[in-house]
Amino acid sequence: MDSIEILIKIRKIVRSINLESKRIQKDFGISIPQLLCLGHLTQCENYQSTHSELMQLLSLNSSTVTGIINRLENRGLVARLPKMGDKRITYIALTSKGFKLLEDTPNILHDQLSAKIDKLPQGKKEMIKEALEIIIEALHIEEIDASPLLTIEEPIGKKEEQHEE
């Protein structure tokens, strides 16, 4: 397999994710990072998480996660709750409106892919992980935020602060 075939396969993956992201945005008015954030909250105790946990989950920087949370809060899908006894810590909590939106959204491509990868033998999962790490290292993109959408304005190989679409 030559490099062009590899690039075409990568492009197919990226394109399918972009198309799914646009469909979710159009149909539900919510971005994939926002949806992933809401989905994460359903898995948390008391449907609450911290800002830093969301940063780690989404592999995005603090200001980008703050923007995601702000947009979700403005729509009434999450609420910020100060920690009792320590006002420096704020929990992000899923609201009933956010939970309802999640019930209405389909099984997005990310979830479908995760389920299929989970069913693979451990050896194949390791092979995929290693292959992706080789590509990431070859492109010197280890420090780029894992924003789920690629745009023409985001040059490969430059460390730039990236924002959610």
Side-chain angles (χ1 to χ4, degrees), residues 1-43 49 51 53-75 77-78 92 94 98-165:
M1 182 181 293
D2 65 9
S3 61
I4 295 297
E5 288 177 283
I6 293 170
L7 291 173
I8 288 169
K9 291 181 184 306
I10 292 170
R11 182 65 192 133
K12 282 183 178 184
I13 294 167
V14 170
R15 181 154 166 68
S16 67
I17 292 169
N18 284 342
L19 291 172
E20 181 73 357
S21 295
K22 288 176 183 176
R23 186 183 67 77
I24 294 293
Q25 182 72 47
K26 180 182 173 226
D27 292 350
F28 299 95
I30 190 166
S31 69
I32 295 295
Q34 291 171 350
L35 195 56
L36 292 173
C37 181
L38 294 176
H40 171 70
L41 292 173
T42 65
Q43 306 300 312
S49 185
H51 186 275
E53 288 169 350
L54 292 171
M55 281 177 48
Q56 186 174 15
L57 166 80
L58 298 171
S59 190
L60 294 171
N61 64 45
S62 181
S63 63
T64 303
V65 172
T66 297
I68 291 168
I69 295 167
N70 287 344
R71 284 184 282 287
L72 291 172
E73 185 178 39
N74 289 341
R75 292 189 56 201
L77 303 172
V78 300
I92 313 307
L94 184 66
F99 195 81
K100 173 76 171 104
L101 178 75
L102 279 176
E103 289 180 333
D104 294 341
T105 56
N107 187 9
I108 62 170
L109 183 64
H110 290 72
D111 293 337
Q112 294 171 22
L113 182 58
S114 288
K116 289 178 181 178
I117 290 172
D118 287 343
K119 291 179 183 175
L120 292 174
Q122 188 61 35
K124 283 199 175 197
K125 287 191 257 187
E126 284 298 320
M127 285 174 51
I128 293 169
K129 181 183 175 199
E130 288 172 17
L132 293 171
E133 286 173 353
I134 290 168
I135 293 168
I136 288 168
E137 289 172 12
L139 295 173
H140 306 290
I141 58 174
E142 297 91 347
E143 299 300 318
I144 291 181
D145 286 342
S147 179
L149 292 179
L150 296 175
T151 65
I152 197 71
E153 294 84 27
E154 295 174 4
I156 292 178
K158 286 189 177 179
K159 183 178 175 184
E160 293 188 350
E161 186 168 302
Q162 302 195 351
H163 299 283
E164 175 195 23
E165 295 272 313

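All residue numbers refer to positions in the sequence shown, counting from 1.
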Q.
Would you say that I24 contacts S31 through its side chain, given a criterion of any heavy-atom pair below 4.5 Å between the two side chains?
A. no
Kindly compute the distance separating [atom1] ([X]) from [atom2] ([Y]), expressed to the nearest 0.5 Å.
| X | Y | atom1 | atom2 | result |
| --- | --- | --- | --- | --- |
| I13 | N18 | CD1 | CG | 12.0 Å |
| L57 | L36 | CG | CG | 6.5 Å |
| I69 | I92 | CD1 | CD1 | 4.0 Å |
| E126 | E133 | CD | CD | 8.0 Å |
| L19 | K22 | CG | NZ | 6.5 Å |
| T105 | I30 | OG1 | CD1 | 7.5 Å |

Residue list, side chain to side chain contact (heavy atoms under 4.5 Å, CB included) with [X], at least two apart or on another chain:
| X | result |
| --- | --- |
| K100 | E103, D104 |
| I10 | I6, V14, I135 |
| I134 | none |
| S62 | H51, M55, T66 |

Exercise for review: Only counting residues at least two apart or in another chain, list the ones meeting salt bridge (charged side-chain N to carboxylate O under 4.0 Å, His left out) with E53.
Suggested key: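 So E53 forms no salt bridge (charged side-chain N to carboxylate O under 4.0 Å, His left out) with any residue.
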Check whether any side-chain N or O of [X] sits under 3.5 Å from a backbone N or O of [Y] as a donor-acceptor pair, and report yes or no.
| X | Y | result |
| --- | --- | --- |
| E5 | D2 | yes |
| E130 | M127 | no |
| S59 | Q56 | no |

Notebook entry, point to check: How far apart are the C-alpha atoms of I68 and L60, what are their side-chain angles, what is the distance that settles it, and do they pass the side-chain contact (heavy atoms from CB on, under 4.5 Å) test?
Noted result: CA-CA 10 Å; I68 291 168; L60 294 171; 3.8 Å; yes
Could you list the residues that satisfy side-chain hydrogen bond (donor to acceptor under 3.5 Å, both in side chains) with E73, not counting sequence neighbours?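 Checked E73 against side-chain hydrogen bond (donor to acceptor under 3.5 Å, both in side chains); matches are R80.
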How about NZ on K125, more than 12 heavy atoms from neighbouring residues, nucleotides or ligands closer than 6.0 Å, or not?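 Enclosed: over 12 neighbouring heavy atoms sit under 6.0 Å from NZ of K125.
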Exercise. Which pairs count as salt bridge (charged side-chain N to carboxylate O under 4.0 Å, His left out) when at least one residue sits in residues 25-35, sequence neighbours excluded?
Worked result: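 Of all non-adjacent pairs touching residues 25-35, those that pass salt bridge (charged side-chain N to carboxylate O under 4.0 Å, His left out) are R23-D27.
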All heavy atoms of L38 vs all of L102, minimum pair found to be O-CD1, 3.4 Å
In L54, L35, L58, the residue satisfying side chain to side chain contact (heavy atoms under 4.5 Å, CB included) with H40 is L54
